[in-house]
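All chains are named by letter (A, B, ...) in the order of the sequence lines, taking the proteins before the strands, and each is independently numbered beginning at 1. Just so it is clear, the model here is predicted, and its values are computed rather than measured.
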2 protein chains.
Amino acid sequence: MSFVPGLTAGQPSGTATTDPIVRWVHEFIPLLSALPRDDSLRGNKLRRGVGLVFPTKFALANTSISPSRLFSGRWVPCTNVVRYTLPTDTTTVLIHTDGACLGNGQANPRAGWAFWHASSSTGDPLTADGRLERKGPFGDDSLQTNNRAELRAVIAALRYRNWPGEGIRTLVIATDSAYVVEGATTWARGWIQNGWMTQAGPVLNRDLWETLLGEVERFFVRGMTIKFWRIPRAWNAVADAAAKAAAQRDDDALEEWADKFGFM
Amino acid sequence: MSFVPGLTAGQPSGTATTDPIVRWVHEFIPLLSALPRDDSLRGNKLRRGVGLVFPTKFALANTSISPSRLFSGRWVPCTNVVRYTLPTDTTTVLIHTDGACLGNGQANPRAGWAFWHASSSTGDPLTADGRLERKGPFGDDSLQTNNRAELRAVIAALRYRNWPGEGIRTLVIATDSAYVVEGATTWARGWIQNGWMTQAGPVLNRDLWETLLGEVERFFVRGMTIKFWRIPRAWNAVADAAAKAAAQRDDDALEEWADKFGFM
RNA sequence: UGACACCCGCUCGU
DNA sequence: ACGAGCGGGTGTCA
């Protein structure tokens with residue numbers, strides 16, 4: 001998690017220090033005062049992110065070490081599932097996301113999303129999935145595209161459960177989409193500063209980007225952090241298969257945005 | 001047979017005419033002046049095509065009419081074989097080609113090619129076949145793949161005999177490989193214009209594509225035209241069986257490219 | 001220009 | 001059921 005540059009820019013450069021406590025105060029106090037006064041950060045209502053805080057890249061992401069080697073299954077009693085956590089820090093949980101769009105860019109595209117968040121006690125992967133809705137989270141008509149599906153998968157994962165309520169302090173989102181990872185961790189800063197413009201015009205899928213940032217902020221004030229990990233496609237087979245299957249399902253795409261909450 | 005766009009672009013659009021003679025002059029004169037000055041088009045030496053002329057798709061290729069219904073066997077005295085020609089035009093001859101590659105993409109692939117060009121007077125199909133060489137026509141090391149085998153089959157068929165010498169004016173190559181048909185009739189134009197690049201990098205099997213185009217040009221100046229027909233796999237059983245058998249033969253693949261010329 | 005996805009099609013195979 | 005060999009395209013950004 002890193003902070004929006006504008007909020008910390010006021011700190012005189014002469015006061016630079018390596019004391020982590022001092023750094024924390026300098027970074028955190030202005031951030032708290034910038035929190036929205038309304039209650040949009042409470043509850044689980046959809047909200048647009050304001051650039052308060054941005055996700056970062058998963059630091060342990062290495063050249064060739066796969067998620068399955070870095071994270072290990074750990075049985076979670078209250079939910080009765082096996083989540084994948086760091087052996088050194090069981091409050092850091094891994095989720096794989098993926099989007100699919102059959103006929104992407106063609107006449108009748110069908111987009112679907114999925115994420116893999118746990119395994120059953122018998123070892124079967126537990127996934128959630130769905131068709132991409134015809135409307136965005138704020139009611140905008142939208143197209144069925146691969147990139148919207150990738151973004152939708154992440155938002156679905158973030159909104160699936162009250163993750164901090166499970167004691168999770170860091171959620172690692174593993175995806176093969178550089179669009180998602182770079183957008184959330186790098187490009188979003190610039191977009192917020194320049195009014196959501198790109199070289200070629202307005203940023204596309206802005207509604208989903210803002211929703212994603214909104215979720216990150218909602219979790220931030222509850223002490224949970226979001227990290228992104230760009231993984232090779234070959235490491236994302238479970239979520240990939242689920243997303244393809246969801247896109248293929250014969251039921252038509254829902255008209256309106258519809259959150260899917262996990263049991264409990 | 002169609003002409004390279006750049007060579008006819010000089011014709012003022014105002015002179016458009018439907019007179020076939022005039023059209024022929026406009027198209028053919030610049031083409032002739034673009035012919036290579038050297039003698040690379042004479043004899044039967046291997047040469048790289050330069051984009052002078054491209055094969056086209058067989059126009060009579062229809063939804064569901066099979067080669068065996070469209071072409072009929074016709075005894076050719078001087079060679080003592082039965083060739084398959086159009087009843088309405090016995091100078092148009094049909095050849096089936098196919099490539100095979102056992103263990104394609106695996107550790108030790110074995111590629112072979114075959115074509116079916118005639119039948120004996122007793123009705124047995126006459127085919128030619130071989131293993132794919134380890135080196136390309138210009139000496140490049142190359143892999144044993146299905147697509148190289150498909151291309152090799154076409155080149156082998158074209159170089160098998162002095163076809164125009166038999167009075168043939170159109171050679172129809174029937175293959176189940178869309179890679180071969182689209183590549184030769186559609187994609188090759190673009191490749192020549194942009195330096196043999198594709199979205200993902202250099203065009204693969206360029207040596208074989210250039211050789212194929214070279215043969216087309218060699219025949220063009222002798223008044224013979226090459227047409228391609230994409231047929232379903234089920235219609236290519238004879239060539240398929242021969243190609244598989246050639247790939248399976250225990251003799252190792254030849255190191256160097258080796259043309260096979262038919263008897264006579 | 002580059003990158004990562006998402007596909008569509010045909011073949012070749014295990 | 002799985003994979004590779006090949007091409008065409010769009011979705012998106014820097």
Side-chain angles (χ1 to χ4, degrees), chain A residues 97-113 132 142-151 153 175-191 196-206 208-209 228 230-234 236-237 240-241 243-244 247-248, chain B residues 97-113 132 142-151 153 175-188 190-191 197-206 208-209 230-233 236 240 243-244 247-248:
Chain A
T97 73
D98 200 18
C101 184
L102 309 181
N104 188 44
Q106 254 62 33
N108 292 102
R110 303 172 61 88
W113 55 265
L132 177 63
S142 67
L143 301 172
Q144 303 267 311
T145 71
N146 64 325
N147 288 331
R148 280 190 77 83
E150 302 273 10
L151 277 170
T175 171
D176 55 32
S177 168
Y179 176 68
V180 165
V181 173
E182 294 304 317
T185 65
T186 305
W187 305 332
R189 271 182 189 71
W191 294 338
W196 292 91
M197 289 299 288
T198 183
Q199 265 192 344
V203 171
L204 300 186
N205 306 320
R206 174 175 169 178
L208 295 183
W209 287 115
F228 281 91
R230 229 290 295 168
I231 58 170
R233 229 178 6 154
N236 213 21
D240 176 71
K244 276 188 170 66
Q248 228 148 16
Chain B
T97 72
D98 199 19
C101 184
L102 309 180
N104 188 44
Q106 254 68 27
N108 292 102
R110 302 172 61 89
W113 55 265
L132 177 63
S142 67
L143 301 172
Q144 304 268 312
T145 71
N146 64 324
N147 288 330
R148 281 190 77 83
E150 301 274 11
L151 277 170
T175 172
D176 54 33
S177 168
Y179 176 67
V180 164
V181 174
E182 294 304 316
T185 65
T186 305
W187 304 332
W191 293 338
M197 288 298 288
T198 180
Q199 287 181 155
V203 172
L204 300 188
N205 305 320
R206 174 175 169 179
L208 295 183
W209 286 115
R230 229 289 295 172
I231 58 171
R233 241 180 353 157
N236 213 20
D240 176 69
K244 275 189 170 66
Q248 228 147 18

Across the strands shown, which category fits [X] at heavy-atom distances under 4.0 angstrom: base, sugar-phosphate, nothing?
X: W191(B); answer: sugar-phosphate
X: V180(B); answer: nothing
X: T198(B); answer: sugar-phosphate

Could you run through nucleotides 7-14 of chain C and give me one letter per nucleotide, 5' to 3': B if any protein heavy atom sits under 4.0 Å from the base, S if only the sugar-phosphate is that close, - if neither?
-> S--SBBSS

Apply side-chain contact (heavy atoms from CB on, under 4.5 Å) to the pair T175(A) and R230(A), showing each step before the final yes or no.
-> CA-CA 5 Å; T175(A) 171; R230(A) 229 290 295 168; 5.6 Å; no

In chain order, what residues pass the salt bridge (Lys or Arg N to Asp or Glu O under 4.0 Å) check against R233(A), with sequence neighbours excluded?
->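 Expected list: none.
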
Tell me: CG of L143(A) to P of rC6(C), nearest whole Å?
->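 Between P of rC6(C) and CG of L143(A): 18 Å.
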
Go through the steps to decide whether V203(B) and M197(B) satisfy the test side-chain contact (heavy atoms from CB on, under 4.5 Å), and finish with yes or no.
-> CA-CA 5 Å; V203(B) 172; M197(B) 288 298 288; 5.8 Å; no

Between CH2 on residue W113(A) and OG1 on residue T97(A), distance to nearest 0.5 Å | 10.5 Å

Separation of Y179(B) OH from N147(B) CG (nearest 0.5 Å) |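 Reported to 0.5 Å precision, the distance equals 5.0 Å.
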
Could you tell me whether a side-chain N or O of Q144(A) sits under 3.5 Å from a main-chain N or O of R110(A), the two making a donor and an acceptor?
->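 Flag not set: sc Q144(A) to bb R110(A) has no pair under 3.5 Å.
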
Would you confirm whether N104(A), through its side chain, and P109(A), through its main-chain N or O, come within 3.5 Å as a donor-acceptor pair?
->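 Not at all, since once roles are kept as given, no pair shorter than 3.5 Å links the two residues.
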
Going 5' to 3' along DNA chain D, which nucleotides are the first and last within contact of chain B (any atom under 4.0 Å from a heavy atom)?
->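 Contact span on the strand: dG3(D) to dT10(D).
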
Under a 4.5 Å cut-off applied to non-hydrogen side-chain atoms, are R148(A) and L204(A) in contact?
->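 No, too far: nothing below the 4.5 Å cut-off.
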
Pick the nucleotide of DNA chain D nearest each of P202(B) and Q199(A); which residue has the one closer to the 5' end?
->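 Nearest-nucleotide comparison on DNA chain D picks P202(B).
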
